[in-house]
Amino acid sequence: GAPRVAVWTGLRAPTGDRDPRAQGLTSVGLGHWELSLGAELRWDLAARWAVSVGAELGVRAPARWDGVEMLPGPRGAALLLAVWRPHEDVAISLGLTGWAEVPAWIEGRQDDVSWSYRLGPTAGVSWQVIPSLRLLAAVGVDPRVDHLGANTAADVRGSLGLSWSARRD
């Protein structure tokens with residue numbers, strides 16, 4: 001049948017290090033405010049199983065880091081997920097996520113070493129708290145395999161989120 005379609009906007013708060021060239025544990029996190037727009041197509045395969053394909057584009061606010069003006073480059077992400085719903089209010093997903101960041105502009109010049117990309121497995125769970133509010137948690141792994149990532153410092157990453165919807169299925 002026809003896929004279900006979801007469209008969203010997001011706002012991510014600064015976490016971690018603001019320097020896009022930082023290496024090691026200090027670079028874990030976003031470091032800047034980010035506004036994003038995404039879309040998802042979901043096909044129901046059975047009563048409790050679905051497949052989902054999605055994409056998101058994020059733009060980050062300029063900031064100062066140790067007196068240096070920076071404008072992080074845009075970020076794009078794509079995902080492919082298998083989703084199992086053991087209960088009508090709970091969804092568990094496993095899949096693959098790709099992520100790429102365009103080089104940042106620092107003091108008016110593009111910093112070619114600040115770009116990055118990664119591709120790796122991801123898992124998530126969500127719980128419908130009330131009809132319009134969903135709690136989300138996810139974890140992903142950036143495997144140290146040639147051609148699956150560049151300029152990335154995190155081996156394991158995680159996220160927590162809240163999703164409000166105007167309509168529930």
Side-chain angles (χ1 to χ4, degrees), residues 1-16 20 28-61 72-104 114-169:
R4 289 187 286 156
V5 177
V7 177
W8 67 85
T9 61
L11 179 64
R12 288 183 175 86
T15 59
V28 175
L30 187 57
H32 294 266
W33 286 100
E34 180 187 81
L35 183 62
S36 62
L37 177 65
E40 175 188 22
L41 298 174
R42 183 173 290 198
W43 291 268
D44 289 324
L45 303 177
R48 298 194 179 273
W49 288 94
V51 172
S52 176
V53 176
E56 184 179 67
L57 178 64
V59 293
R60 297 175 184 165
R75 174 194 60 82
L79 60 101
L80 172 63
L81 298 172
V83 181
W84 176 52
R85 293 181 301 267
H87 184 272
E88 67 181 29
D89 293 333
V90 176
I92 298 170
S93 61
L94 292 173
L96 192 62
T97 302
W99 179 292
E101 296 180 19
V102 174
S114 64
W115 64 275
S116 67
Y117 71 90
R118 60 183 173 235
L119 178 67
T122 188
V125 63
S126 69
W127 173 48
Q128 194 82 42
V129 180
I130 58 175
S132 60
L133 186 65
R134 184 170 283 272
L135 177 63
L136 309 131
V139 65
V141 177
D142 299 329
R144 299 263 184 212
V145 177
D146 286 347
H147 309 296
L148 288 185
N151 285 346
T152 59
D155 290 321
V156 177
R157 59 194 144 71
S159 65
L160 293 173
L162 291 172
S163 172
W164 176 83
S165 64
R167 179 179 164 202
R168 181 178 179 203
D169 298 325

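Just the heavy atoms: all of them, side chains too, but no hydrogens, waters or symmetry mates, feed the values below. Count residues from 1 along the sequence.
Salt bridge annotation for Glu101-Arg75: absent, with no cationic side-chain nitrogen under 4.0 angstrom from a carboxylate oxygen.
With sequence neighbours left out, the side-chain hydrogen bond (donor to acceptor under 3.5 Å, both in side chains) criterion links Trp8 to Glu56. Partners of Trp84 under the side chain to side chain contact (heavy atoms under 4.5 Å, CB included) rule, at least two apart in sequence or in another chain, are Arg48, Trp49, Pro86, Ile92. Scanning for side chain to side chain contact (heavy atoms under 4.5 Å, CB included) contacts around Ala61 gives Trp33, with sequence neighbours left out. The side-chain hydrogen bond (donor to acceptor under 3.5 Å, both in side chains) search around Arg42 returns Glu40, not counting sequence neighbours. In this view, Ala123 and Leu94, Val139 satisfy the side chain to side chain contact (heavy atoms under 4.5 Å, CB included) rule, not counting sequence neighbours. The side-chain hydrogen bond (donor to acceptor under 3.5 Å, both in side chains) test applied to Ser126 returns Arg134, not counting sequence neighbours. Leu160 meets the side chain to side chain contact (heavy atoms under 4.5 Å, CB included) test with Ala137; sequence neighbours excluded.
The line from CG of Leu35 to OG1 of Thr9 is 7.0 Å long, rounded to the nearest 0.5 Å. Here Leu79 contributes atom CG and Trp99 contributes atom CH2; the two are 11.0 Å apart, rounded to the nearest 0.5 Å.
Of all the heavy atoms in Ala104 and Pro72, the pair that sits closest is CB-CA, 3.8 Å. Scanning both residues, Val83 and Ser52, for their nearest heavy atoms gives CG2-CB, 4.4 Å. When all heavy atoms of Leu96 and Pro121 are compared, the closest pair comes out as CD1-N, 4.0 Å.
Side-chain contact check for Ser36 versus Arg12: some heavy-atom pair is nearer than 4.5 Å. Looking at Val129 and Leu162, their side chains never come closer than 4.5 Å, going by heavy atoms from C-beta outward.
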Given Val51 and Leu80, is the side chain to side chain contact (heavy atoms under 4.5 Å, CB included) satisfied, shown in steps? CA-CA 7 Å; Val51 172; Leu80 172 63; 4.1 Å; yes
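Under the salt bridge (Lys or Arg N to Asp or Glu O under 4.0 Å) criterion, the residue pairs touching residues 77-86 are Asp44-Arg85, with sequence neighbours excluded.
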